[in-house]
Asks: 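Structure below; questions to follow.
Keep in mind that the numbers below use all heavy atoms, side chains included, and drop hydrogens, waters and symmetry copies. All values reported here derive from a predicted model rather than from experimental measurement.
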Number of protein chains: 2
Amino acid sequence: MTKPMGAIPAEFQAEAGVLAIGGRRADALAEEAGGTPLFVYDFEMVRRRVECFRSAFRGINLHYAIKANTYSPLLKVIEKIVDGLDVASEGEMHAALAAGADAADISFAGPGKTDAELEAAIDAGVTLNLESEGEAERALGIARRRGRRARLAIRVNPDFEIRGSGMRMGGGAKPFGVDAERVPALVRRLVEAEADWRGFHIFAGSQALDADALIEAQRATIALAAALAERAGHAPPLVNLGGGFGIPYFAGERPLDIEKVAASLHEALAARPKILADSGFAIELGRWLVGEAGVYLTRIVDRKQSHGKPFLVVDGGMHHQLAASGNFGQVVRRNYPVTIATRFGAAPEEEATIVGCLCTPLDRLGDDVMLPRAEIGDLVAVFLAGAYGLSASPQAFLGHRPALEMLVGTGN
Amino acid sequence: MTKPMGAIPAEFQAEAGVLAIGGRRADALAEEAGGTPLFVYDFEMVRRRVECFRSAFRGINLHYAIKANTYSPLLKVIEKIVDGLDVASEGEMHAALAAGADAADISFAGPGKTDAELEAAIDAGVTLNLESEGEAERALGIARRRGRRARLAIRVNPDFEIRGSGMRMGGGAKPFGVDAERVPALVRRLVEAEADWRGFHIFAGSQALDADALIEAQRATIALAAALAERAGHAPPLVNLGGGFGIPYFAGERPLDIEKVAASLHEALAARPKILADSGFAIELGRWLVGEAGVYLTRIVDRKQSHGKPFLVVDGGMHHQLAASGNFGQVVRRNYPVTIATRFGAAPEEEATIVGCLCTPLDRLGDDVMLPRAEIGDLVAVFLAGAYGLSASPQAFLGHRPALEMLVGTGN
């Protein structure tokens with residue numbers, strides 16, 4: 001029985017029957033890159049996403065959570081059009097600095113920061129989003145020993161989370177941030193220790209497609225930031241409202257209504273408590289900025305029948321695109337949008353299963369999907385590969401060759 | 001509520017209150033390796049597994065499926081005590097050759113072999129386990145063009161699978177191998193093309209703990225090999241019976257009864273059809289040989305409370321040990337056996353959650369497990385990390401530093 005797949009982003013069009021990415025044919029891109037498997041990222045799509053954000057969320061800072069995609073040519077051009085880069089390790093911090101970001105525009109979140117990481121961040125002048133009181137004391141001690149004034153924000157574990165969020169990052173006992181009720185004391189501790197207190201980081205979930213759920217979380221976040229500031233007796237310079245903007249991966253999912261979220265946020269900010277009057281606000285996005293801009297191209301190496309079912313075996317697989325195989329946090333495997341890139345727009349003719357080249361039944365990129373008939377040599381495109389793709393996959397698994405990456409749409 | 005965890009393999013004992021691996025204290029190993037996170041593999045445990053196999057399965061060849069663990073110092077010593085190495089990519093083939101294996105003792109399975117991979121294997125003299133008729137024709141063509149006689153075995157997609165198998169690799173429409181009913185014609189084709197036909201590779205599942213299910217599958221495999229040989233009119237030089245021997249990961253699971261499987265297999269082979277009289281038989285094992293011999297050591301960087309629950313945050317995580325986080329083929333996350341290595345054998349005092357350093361709620365190594373009270377600096381051990389550990393994990397995810405690896409128990 002044919003299984004549904006998610007929608008192919010509307011930006012992708014055919015050029016002479018071949019999928020075009022950034023206005024260029026997939027087959028030509030693969031040839032230029034030197035083969036497949038290949039990730040192609042279209043910067044033009046990212047730029048349009050940023051513009052869309054800018055026009056809706058006037059006055060709100062836009063941060064890029066680089067964990068979504070750290071491919072350095074892409075990072076360099078994104079850095080120029082956002083207000084800050086959020087990183088989750090010392091390695092990402094160095095990637096952000098190498099991409100040209102000012103240390104003052106980088107913030108570093110993540111549980112389990114080692115002393116060496118805290119020291120590197122403090123020396124570089126990067127803002128640390130503190131995940132616990134213990135981490136705060138370690139950071140203060142390191143700053144004291146190094147004779148530096150550390151830039152420190154507090155990550156808050158809120159008592160709420162985005163309803164229907166793809167990943168729950170707040171609400172109840174969590175490894176992230178400091179429980180809200182203990183935050184005011186920590187703010188006072190930082191201010192008394194003469195740290196450069198940068199404000200709050202409040203992240204209530206991710207991959208949300210329901211505007212009302214996001215609106216509710218953003219309103220609760222502003223109220224929480226104000227209440228914590230009141231109780232601390234200090235106004236936060238910046239409130240990072242988190243992100244959580246999702247993209248539709250699967251059949252039946254619809255894009256988030258950004259205009260609605262923005263309108264509500266402006267209303268909430270206009271009515272915000274006085275203590276936040278001079279605070280800046282930021283939204284931190286990863287997946288929403290880059291997820292749809294990436295396409296994973298992999299070539300059909302074998303076409304075979306088993307018990308009457310056609311299987312298309314490709315030269316890539318879950319070692320490059322783990323999430324599309326259904327093994328990255330999903331409970332039930334569902335189909336990402338996939339297509340035959342070299343027969344793009346052709347009428348679907350057969351129900352086929354696309355499997356990767358790994359010798360494991362987990363390596364499935366498209367399960368019982370309707371496709372034009374494809375042959376050996378055709379290119380398969382797996383969409384929504386721009387975020388949590390290659391870097392979030394077990395690249396060394398089974399010793400296959402690495403994937404290539406390529407940036408298009410930079411106008412050069 | 002405390003959640004159960006799997007059993008710690010009985011080989012691991014305390015030395016002065018610290019977990020010993022290969023007779024050496026975990027803290028000393030971490031110091032010698034240069035820190036954490038660190039995988040330690042105990043070759044002595046692997047050697048004992050091989051001996052256990054040898055004494056039970058007399059006359060059966062033992063192959064190591066290197067995809068389970070390709071750490072080169074380990075591979076080199078395993079190579080010396082098994083009869084063959086099974087590989088799943090050209091990269092693994094080169095690793096097997098570099099470990100000292102003879103090409104004649106290497107077989108290469110896996111869907112999606114490219115022409116370049118087929119050529120490399122044929123040039124090296126490695127046996128190819130053919131996954132489809134198309135692949136067979138490509139291999140024959142390449143051998144002809146290179147003036148070589150290719151070593152070719154046929155991977156069969158059997159009509160059965162191991163009941164209760166952790167991963168289903170046979171039965172119904174599958175991407176692996178050639179459907180049984182088409183195999184005799186392919187055998188004849190290979191023989192007529194004057195290839196060096198090596199026999200059958202029949203893999204019906206993996207991670208089985210039920211001896212009766214394995215026995216049933218092995219008996220069916222022998223019957224199938226005989227029936228295919230009869231219909232082809234050619235006796236297979238070798239029948240690779242697959243593997244499928246599981247190890248207990250989770251609470252309530254019990255080790256496979258090897259003696260029972262072996263006794264039944266000897267009985268089945270003694271009564272085998274005449275056409276298989278001169279055939280050799282092999283069992284191909286990965287996880288069962290190395291899985292329990294590996295321990296992942298990671299250091300506690302932060303200890304924090306959230307809503308009354310203690311969280312131990314470590315310097316490692318799912319980027320090194322994806323399976324233990326529940327994100328590698330599992331439907332529901334369950335706890336691998338974990339312990340505080342530096343307080344090994346101490347009485348459990350508190351229910352804690354062990355999380356990795358990644359900024360994602362997926363990064364969980366132990367969920368509500370009873371442990372001795374641990375502090376920053378203590379080492380956490382995650383057991384059953386010898387197979388599908390580091391190489392099956394998204395090591396680049398979030399840009400943390402790589403894990404270290406170390407081999408002990410080689411008697412040097």
Asks: Can you say whether A:Arg333 sits under 4.5 Å from chain B via the side chain, the backbone, both, or neither, judging by heavy atoms?
Replies: neither

Asks: Quick one: are A:Pro361 and B:Phe176 in side-chain contact, heavy atoms under 4.5 Å?
Replies: yes

Asks: Side chain, backbone, both or neither: which part of B:Leu398 has a heavy atom under 4.5 Å from chain A?
Replies: both

Asks: What residue in B:Ala95, B:Ala392, B:Cys357, B:Pro175 has the most heavy-atom pairs under 4.5 Å with chain A?
Replies: B:Pro175

Asks: Heavy atoms, side chains only, cut-off 4.5 Å: are A:Leu322 and B:Leu322 in contact?
Replies: yes

Asks: Between A:Phe397 and chain B, which part of the residue has a heavy atom less than 4.5 Å away: side chain, backbone, both or neither?
Replies: both

Asks: Any idea which of B:His319, B:Glu133, B:Arg138, B:Arg303 has the most non-hydrogen atom pairs under 4.5 angstrom with chain A?
Replies: B:Arg138

Asks: Rounded to the nearest 0.5 Å, what separates atom NZ in A:Lys174 from atom NZ in B:Lys304?
Replies: 11.5 Å

Asks: Would you mind checking which part of B:Arg299 comes under 4.5 Å of any heavy atom in chain A, side chain (CB onward), backbone (N, CA, C, O), both or neither?
Replies: neither

Asks: I'd like to verify something: which residue of A:His94, A:Glu131, A:Met318, A:Gln395 has the highest number of heavy-atom pairs under 4.5 Å with chain B?
Replies: A:Glu131

Asks: Please round to the nearest 0.5 Å and tell me the distance separating atom NZ of B:Lys309 and atom CG of A:Asp179.
Replies: 11.5 Å

Asks: For the residue pair B:Gly110 and A:Cys359, what are the closest heavy atoms and their distance?
Replies: CA-SG, 3.9 Å

Asks: Shorter than 4.5 Å, heavy atoms on both sides: which option in B:Gly112, B:Ser306, B:Ser391, B:Ala396 has the most such pairs with chain A?
Replies: B:Ser306

Asks: Restricting to non-hydrogen atoms, name the atom on A:Asp315 and the atom on B:Thr114 that form the minimum distance, rounded to 0.1 Å.
Replies: CB-CG2, 4.4 Å

Asks: With rounding to the nearest 0.5 Å, note down the distance linking CG in B:Leu358 to OG in A:Ser89.
Replies: 9.0 Å

Asks: Who among B:Gly91, B:Pro394, B:Ala68 has the most heavy-atom pairs with chain A under 4.5 Å?
Replies: B:Pro394

Asks: Non-hydrogen atoms of chain A under 4.5 Å away: do they reach the side chain of B:Met93, the backbone, both or neither?
Replies: neither

Asks: Taking the side chain as everything from C-beta on, heavy atoms only, tell me whether A:Asp159 gets closer than 4.5 Å to B:His307.
Replies: yes

Asks: Pick one of side chain, backbone, both or neither for B:Ser393, based on which atoms fall under 4.5 Å of a heavy atom in chain A.
Replies: backbone

Asks: I need the residue from B:Val301, B:Ile66, B:Asp363 with the largest number of non-hydrogen atom pairs under 4.5 Å to chain A.
Replies: B:Val301

Asks: Could you check whether any side-chain heavy atom of B:Arg401 comes within less than 4.5 Å of a side-chain heavy atom of A:Glu117, counting everything from C-beta outward?
Replies: no

Asks: Among the options B:Glu135, B:Gln305, B:Glu90, B:Arg364, pick out the one with the most heavy-atom pairs lying under 4.5 Å from chain A.
Replies: B:Gln305

